[in-house]
Amino acid sequence: MTIKTRFAPSPTGYLHVGGARTALFSWLHARRHGGDFVLRIEDTDLERSTQASVDAILQGMDWLGLDYDEGPFYQTERFDRYNAVIDQLIEQGLAYRCTCSKERLQQLREQQMAAKQKPRYDGHCRDREIGPDEPHVVRFRNPLDGEVVFNDLVRGPIRVANQELDDLIIRRTDGAPTYNLTVVVDDHDMGITQVIRGDDHINNTPRQINLYQALGWEIPEFAHLPMILGDDGARLSKRHGAVSVMQYFEDGYLPEALLNYLVRLGWSHGDQEIFSLAEMTEWFDLSAVNKAPSSFNTDKLNWLNQHYIKSADPARIAELVLPHMNALGIQTNVDDKLIAVVEAQRERASTLVELAEISAFYYQDFAEYDAKAAKKAFKGDAAKCLQHVAAKLAELSDWQREPIHQAVADSVGELDVGFGKVAMPLRIAVTGGSPSPDLDLTLYLVGREAVLRRVDQAIRKISQATLD
RNA sequence: GUCCCGUUCAUCUAGAGGCCUAGGAUCCCAGCCUUUCACGCUGGUUACAGGGGUUCGACUCCCCUACGGGACGCCA
């Protein structure tokens, strides 16, 4: 049988990292086995579903490169099918109409809780043979005894007694089918072979299996993924900053870095940390997925992001960093200079935002020096050294790395000081204290005019400080 | 409360009874490299939740306790 998996988010918010990892694992399982991956939007909750959320989810999937072979399907477009199944269940006596009010149900729950029991429907309408005319919900007639056993591909065998389950509502008063019914119908109709989803659905699985059995359908395999917790070990929520996948895009992360980070959250392949998409596809295996929840760790994500920024094609990084440069007020294009700047700076940044920030000095003058760097560099004879080396640089006929290097070396020789006496103030004067590569490369990329202008500015700053 | 699930360094994890004096990675610290900051390299600190079994032997198997999470909706 062909492997087919799906990702089935409900559009009530953006695609968050937990959902993204569920999608990734599901996608990986399909790709690994040469199967298909389906995207299905579970929008049966008319109240909370929004088009904006659908768009956000689609956008997130697209950015991560999680492509789907079928879909997106929308459950709201399949109501006729669900209702046909529900009607069939009623007809066969496997489901029944119920007129219990929300108030009665609420009261029942409170009583049961007070009696330290698990709240569940008492079957009040089970045998009342209610007709279709008065307002009602439809409930599934869950087996009263026996137990449901299934072998979770991640957790292993799980068993639940039917006595723990109650007659769940499969159609609301307004005629809309509910999750547990729609998910079963869809997974069956779409030929899903492995249902891979968050472990908050473990408790729903036995009910769904009973539904499969009542309908005489083949039961798919299930794999329940542990959840992802925030940095602090608490459930992921808004206060954890970047929970939306697209927030990571905006914060300057590369999709391959996020994917690599996510795949290692709950899954491993020996000691390997860096995985290309091809590698994770080749080795991903549900049986190697952890059972315990894991905490999101931004430090490690940053490390991976830096790794990918460092090893990606500089031209591509230039493309990606450009919007972040623009955001800093720098107007430029992806040209030779930007690519050279990226190559010069990329091992010093863990995000594209950072890369833009530490590269700004190649394009624009700055008002402030890094206090610590300036204090260290602008002292003693710094002004004199700067004056001397500036004169040398001004005389250069050819503004290239070699001659620049030579000019600085000459200056050092003539002044008869250590290299750092000249190089340090010069670097800080030109960069303001930003991380930067070899001095000659830095000066070359900044350009002669800007270098001389900034050295001048630094000399003035030093003399001013001396006067104070 | 009831049911289901989980528990190895701060964090992600390796570990399928002896290979474990518990390995790797991130973080942190120190050193080297060095004209800054990084990168890189070397080294270091830190973990099997607790208690009982089973076994010649348990991080690995079983039970109990503790802690954590999830579910218990006319949400998904």
Side-chain angles (χ1 to χ4, degrees), chain A residues 8-12 42-45 47-49 75 98 100-102 105-106 109 112-120 136-139 152 155-156 158-161 163-166 168-180 182-183 197-206 224 226-227 229 231 233-235 261 264-274 290-304 306 310 345-350 358 370 373 376-377 408 412 418-428 431 433-440 442:
Chain A
S10 63
T12 54
E42 309 216 322
D43 53 354
T44 52
D45 184 352
E47 307 265 306
R48 298 192 300 155
S49 300
Q75 293 193 316
C98 165
C100 291
S101 67
K102 285 184 184 176
L105 262 20
Q106 180 60 32
R109 250 193 299 276
Q112 289 166 329
M113 292 280 255
K116 302 189 174 189
Q117 285 172 335
K118 183 175 176 170
R120 50 190 200 274
H136 64 273
V137 299
V138 176
R139 287 182 184 272
D152 192 288
R155 306 296 180 115
I158 293 175
R159 51 180 60 220
V160 176
Q163 286 175 356
E164 296 296 330
L165 274 23
D166 63 358
L168 72 159
I169 292 173
I170 55 178
R171 182 159 66 201
R172 305 177 174 95
T173 310
D174 67 3
T178 60
Y179 166 75
N180 280 300
T182 60
V183 74
R197 68 212 327 184
D199 69 2
D200 45 334
H201 288 295
I202 287 186
N203 293 280
N204 286 325
T205 307
H224 289 100
M227 66 184 307
L229 309 172
D231 288 75
R235 185 174 186 161
Y261 179 70
R264 284 285 292 101
L265 219 46
W267 177 79
S268 58
H269 181 72
D271 285 341
Q272 186 165 342
E273 294 290 348
I274 307 288
N290 274 154
K291 298 172 172 64
S294 39
S295 299
F296 195 92
N297 183 233
T298 307
D299 281 335
K300 190 159 180 183
L301 205 215
N302 286 344
W303 171 73
L304 279 165
Q306 179 175 46
K310 233 164 38 191
Q345 296 293 93
R346 59 181 177 168
E347 63 201 25
R348 278 165 259 269
S350 57
I358 64 166
D370 177 76
K376 210 170 147 192
V408 177
V412 167
F419 196 86
K421 282 282 184 213
V422 175
M424 275 273 277
L426 182 54
R427 179 188 295 281
I428 303 307
T431 66
S434 248
S436 47
D438 283 353
L439 187 58
D440 51 315
T442 305

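Here the structure is a predicted model, which means the values were calculated and not measured. Chain identifiers are assigned alphabetically (A, B, ...) following the order of the sequence lines, protein sequences preceding nucleic acid strands; residue numbering begins at 1 within each chain.
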Could you check whether A:Cys100 gets within reach of a base, just the sugar-phosphate, or nothing at all, counting any heavy atom under 4.0 Å?
-> base
With heavy atoms under 4.0 Å as the rule, sort A:Thr431 into base, sugar-phosphate or nothing.
-> nothing
Can any side-chain N or O of A:Tyr179 pair as donor or acceptor with the backbone N or O of A:Thr44 at less than 3.5 Å?
-> no
A:Lys118: salt bridge (Lys or Arg N to Asp or Glu O under 4.0 Å) partners, not counting sequence neighbours = A:Glu164
Side chain to side chain donor-acceptor pair (under 3.5 Å) involving A:Arg264 - partner list, sequence neighbours excluded | A:Glu273
Not counting sequence neighbours, which residues clear side chain to side chain donor-acceptor pair (under 3.5 Å) with A:Thr205? List them please.
-> A:Arg197, A:His224
Choose from B:U26, B:U36, B:C3 the nucleotide whose nearest atom is closest to any side-chain atom of A:Glu164.
-> B:C3
A:Asp174 side chain to A:Ala176 backbone, donor-acceptor under 3.5 Å | yes
Considering only atom P, compute the distance from B:C9 to B:U46 and round it to an integer number of Å.
-> 14 Å
Using Watson-Crick geometry (N1-N3 plus N6-O4 or O6-N4) or G-U wobble (N1-O2, O6-N3), each under 3.5 Å, B:U2 is paired with B:A71
Could you work out which one of B:C74, B:A76, B:U26 sits closest to the side chain of A:Asp45?
-> B:A76
Heavy-atom contacts, protein to nucleotides 6-19 of chain B, under 4.0 Å, summarised as B (base), S (sugar-phosphate only) or - (none) per nt, yield SS---SBSS-----
Check the distance between B:C4's P and A:Arg159's CZ and give it to me in whole angstrom.
-> 11 Å
So does A:Gln272 have more than 12 non-hydrogen atoms from other groups sitting under 6.0 Å from CD?
-> yes
Contact list (N/O, under 3.5 angstrom) for nucleotides 28-35 of chain B vs protein:
unit_1 : atom_1 : unit_2   : atom_2 : d
B:U35  : O2     : A:Arg427 : NH2    : 2.7

Indicate yes or no: at least one non-hydrogen side-chain atom of A:Asp440 is less than 4.5 angstrom from one of A:Val408.
-> no
Rounding to the closest angstrom, what is the interatomic distance between B:U8 and B:A58 at atom C1'?
-> 14 Å
Searching all strands shown, indicate the nucleotide that pairs with B:C9 (Watson-Crick or G-U wobble; both distances under 3.5 Å).
-> none
Taking atom P in both B:C59 and B:C37, compute the distance separating them and give it to the nearest angstrom.
-> 46 Å
Between A:Asn180 and A:Ile158, the residue closer to the 5' end of RNA chain B by nearest nucleotide is A:Ile158
Say you pick atom C1' in B:A76 and the same atom in B:A71; how far apart are they, in whole Å?
-> 13 Å
In whole angstrom, give me the gap between the C1' atoms of B:U13 and B:C27.
-> 15 Å
Counting Watson-Crick and G-U wobble pairs only, both distances under 3.5 Å, name the nucleotide matched with B:G43, or none.
-> B:C29
Restricting both atoms to N or O, compile the protein contacts to nucleotides 71-73 of chain B shorter than 3.5 Å, with distance only.
unit_1 : atom_1 : unit_2   : atom_2 : d
B:A71  : O4'    : A:Asn203 : ND2    : 3.0
B:C72  : O2'    : A:Pro119 : O      : 2.6
B:G73  : OP2    : A:Arg109 : NH1    : 3.1

Could you point out which residue of A:Asn203, A:Leu165, A:Ile202 forms a side-chain contact (heavy atoms from CB on, under 4.5 Å) with A:Val160?
-> A:Leu165
Look at the side chain of A:Thr178 against the base of B:C74 and say whether a donor-acceptor pair falls under 3.5 Å; ignore hydrogens and angles.
-> no
When rounded to whole Å, the CG to C1' distance for the pair A:Leu426 and B:U36 reads 11 Å
Report the residues that fulfil side chain to side chain donor-acceptor pair (under 3.5 Å) with A:Glu42, sequence neighbours left out, ordered by chain and then residue number.
-> A:Arg40, A:Gln75
OG (A:Ser350) and NZ (A:Lys310) are apart, to the nearest 0.5 Å, by 10.5 Å
Roughly how many Å is it from CD in A:Glu347 to P in B:G40, rounded to a whole number?
-> 8 Å
By side-chain contact (heavy atoms from CB on, under 4.5 Å), which residues pair with A:His136, not counting sequence neighbours?
-> A:Arg97, A:Thr99, A:Val138
Could you please name the partner base of B:C37, counting Watson-Crick and G-U wobble pairs only when both distances are under 3.5 Å?
-> none
Provide the distance between the two P atoms, one in B:C33 and one in B:U42, to the nearest whole Å.
-> 15 Å
Excluding sequence neighbours, so at least two apart, what forms salt bridge (Lys or Arg N to Asp or Glu O under 4.0 Å) with A:Asp166?
-> A:Arg207
Flag the pair A:Pro437 / A:Arg348 as yes when at least one side-chain heavy-atom distance between them is below 4.5 Å, and no otherwise.
-> yes
On a whole-Å scale, what distance lies between the C1' atoms belonging to B:C48 and B:G43?
-> 25 Å
Between the side chain of A:Thr178 and the main-chain N/O of A:Ile169, is any donor-acceptor distance below 3.5 Å?
-> yes
Does OP1 or OP2 of B:U36 have a side-chain N or O of A:Thr442 closer than 4.0 Å?
-> no
Does B:U54 have a Watson-Crick or wobble mate here (both distances under 3.5 Å), and if so which one?
-> none
Apply salt bridge (Lys or Arg N to Asp or Glu O under 4.0 Å) to A:Asp43 and list each qualifying residue two or more places apart in sequence or on a separate chain.
-> none
Taking N or O atoms only and anything under 3.5 Å, show me the protein contacts with nucleotides 58-64 of chain B, one pair per line.
none

Residues passing the side chain to side chain donor-acceptor pair (under 3.5 Å) test with A:Arg139, sequence neighbours excluded, are none
With C1' as the reference atom in both, quote the distance from B:G18 to B:G57 in angstrom, rounded to an integer.
-> 7 Å
Does a side-chain N or O from A:Lys310 land closer than 4.0 Å to OP1 or OP2 of B:G40, or not?
-> yes
